[in-house]
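Beneath this line is the structure, given in structure tokens, with notes to follow.
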Amino acid sequence: MSATLPAPPVPRRAVSVLLRPAAKPLLFVASLLPFAWLLYGALANTLGANPAEALIRATGDWTLRFLCLTLAITPLRQWTGQPALLRFRRMLGLFTFFYGVLHFLCYAWLDMGFDLAEITRDIPKRPFALVGFAALLLMAPLAATSFNRAIRALGAKRWQALHRLIYAVALLAILHFFWMRSAKHNYAEVAVYAAILAVLLGWRLLARLRRRPVAPG
């Protein structure tokens with residue numbers, strides 16, 4: 001059996017910062033900054049020659065970034081030995097869904113003009129749109145059950161099983177991103193996000209193979 005490397009010591013100052021009451025509000029405000037920047041850019045017309053494409057692309061990018069941050073909480077918690085990090089996982093997960101919904105709404109409005117019939121015809125015939133929409137649908141029950149009352153209602157085991165859907169969301173999200181960029185043969189960013197997700201999901205797979213319990217998310 002391979003030895004497990006000890007977690008590095010965490011400075012007391014860092015621990016106290018994570019536990020402060022202001023930490024969550026600060027994270028909430030910081031998580032809204034990309035939305036505020038995009039809203040300002042749309043109103044001030046500073047998003048470039050194609051603001052619709054800029055909004056759709058940026059909201060998709062931020063969805064993927066928040067997904068990576070959410071998945072990073074558990075490995076960071078175990079590596080640093082700092083359970084206080086778990087305080088922020090739920091909020092990051094909800095912001096992943098928030099930016100995912102914004103991404104879909106930008107597509108539905110700016111590309112489709114909120115034409116429901118056109119949207120329902122467009123999604124199935126374009127693979128990247130189909131997997132992206134599937135990822136959003138899978139995120140919906142996760143966001144809806146990200147509350148203590150839902151955990152009590154479902155029971156811990158069923159809740160954990162449901163929230164393992166985030167792994168499927170991650171795979172669908174990176175596939176959606178790959179197909180989006182394949183039209184322009186631009187794979188540099190795709191490779192970066194794919195590598196990050198491979199590390200985060202691979203760590204979980206190794207932990208499972210070693211029969212160590214890993215919390216979802």
Side-chain angles (χ1 to χ4, degrees), residues 27-39 41-42 47-48 50-77 85 88-112 122-123 126-144 146 163-205 214-217:
L27 178 62
F28 184 84
V29 172
S31 299
L32 280 176
L33 288 178
F35 171 71
W37 176 77
L38 290 172
L39 181 61
L47 295 178
N50 191 341
E53 182 182 358
L55 283 170
I56 294 171
R57 177 173 172 176
T59 51
D61 288 347
W62 280 107
T63 303
L64 197 50
R65 289 166 189 159
F66 274 97
L67 178 62
C68 291
L69 288 172
T70 304
L71 287 168
I73 290 292
T74 296
L76 284 174
R77 173 182 67 87
L85 285 168
F88 310 109
R89 186 175 61 189
R90 181 182 304 179
M91 187 183 298
L92 291 171
L94 288 172
F95 269 107
T96 304
F97 183 64
F98 171 72
Y99 282 102
V101 169
L102 282 181
H103 182 54
F104 176 75
L105 288 177
C106 287
Y107 153 79
W109 175 29
L110 301 171
D111 267 6
M112 299 288 110
D122 184 64
I123 289 176
R126 294 205 281 179
F128 77 89
L130 185 60
V131 297
F133 187 64
L136 184 63
L137 288 180
L138 289 180
M139 279 195 287
L142 307 188
S146 290
H163 277 251
R164 287 193 176 94
L165 285 175
I166 194 171
Y167 308 144
V169 170
L171 295 175
L172 290 171
I174 198 64
L175 183 58
H176 171 72
F177 193 44
F178 170 79
W179 272 332
M180 282 286 292
R181 292 301 175 88
S182 64
K184 297 182 179 180
H185 302 284
N186 182 1
Y187 301 107
E189 283 186 87
V190 178
V192 171
Y193 285 111
I196 293 170
L197 289 174
V199 170
L200 296 174
L201 297 181
W203 178 88
R204 285 165 167 81
L205 179 60
V214 176

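Two residues are said to be in side-chain contact when any heavy atoms from C-beta on lie closer than 4.5 Å; F95 and T70 fail this criterion. By the 4.5 Å heavy-atom criterion applied to side chains, H176 and L64 are not counted as neighbours. For the pair Y167 and L205, the minimum side-chain heavy-atom distance is 4.5 Å or more.
Summarising the geometry of G48 relative to P51, their closest heavy-atom pair is O-CD, 3.6 Å, with the distance given to 0.1 Å. The nearest pair of heavy atoms linking L55 to A42 is CD1-CB, 4.3 Å. What you find for V131 and L172 is that their closest heavy atoms are O-CB, 3.9 Å. Between A173 and A135 the shortest heavy-atom distance is N-CB, 4.5 Å.
Applying the ring-ring contact (aromatic ring centres under 6.0 Å, His included) criterion to F133, with sequence neighbours excluded, gives F104. Shown here are the side chain to side chain donor-acceptor pair (under 3.5 Å) partners of T63, two or more places apart in sequence or in another chain: there are none. In this structure T59 satisfies the side chain to side chain donor-acceptor pair (under 3.5 Å) test together with H103, sequence neighbours excluded. Residues passing the salt bridge (Lys or Arg N to Asp or Glu O under 4.0 Å) test with E53, sequence neighbours excluded: K184. In this view, A168 and L138 satisfy the side-chain contact (heavy atoms from CB on, under 4.5 Å) rule, not counting sequence neighbours.
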Audit row: W37, L33, side chain to side chain contact (heavy atoms under 4.5 Å, CB included) steps and yes/no: CA-CA 6 Å; W37 176 77; L33 288 178; over 6 Å; no
Evaluation steps, side chain to side chain contact (heavy atoms under 4.5 Å, CB included), between M139 and V101: CA-CA 10 Å; M139 279 195 287; V101 169; over 6 Å; no
T74 and W203: side chain to side chain contact (heavy atoms under 4.5 Å, CB included), yes or no, with the steps? CA-CA 10 Å; T74 296; W203 178 88; 4.0 Å; yes
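Heavy atoms from other residues, nucleotides or ligands lying under 6.0 Å from OH of Y187 number more than 12.
No donor-acceptor pair under 3.5 Å is formed between the side chain of Y99 and the backbone N or O of A58. At least one donor-acceptor pair closer than 3.5 Å links the side chain of R90 to the backbone N or O of S146.
When each of L102, V169, L142, L136 is checked for a side chain to side chain contact (heavy atoms under 4.5 Å, CB included) with F97, only L136 meets the rule.
For F66 and F98, the gap between ring centers reaches or exceeds 6.0 Å.
Atoms CH2 and CG, on W62 and L38 in that order, are 9.0 Å from each other to the nearest 0.5 Å.
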Show me the donor-acceptor pairs, under 3.5 Å and distance only, between side chains in residues 188-201 and residues at least two apart or in other chains.
| residue | atom | partner | partner atom | Å |
| --- | --- | --- | --- | --- |
| E189 | OE2 | R57 | NH2 | 3.2 |
| E189 | OE2 | R181 | NH1 | 2.9 |
| E189 | OE2 | R181 | NH2 | 3.3 |
| Y193 | OH | R65 | NE | 2.9 |

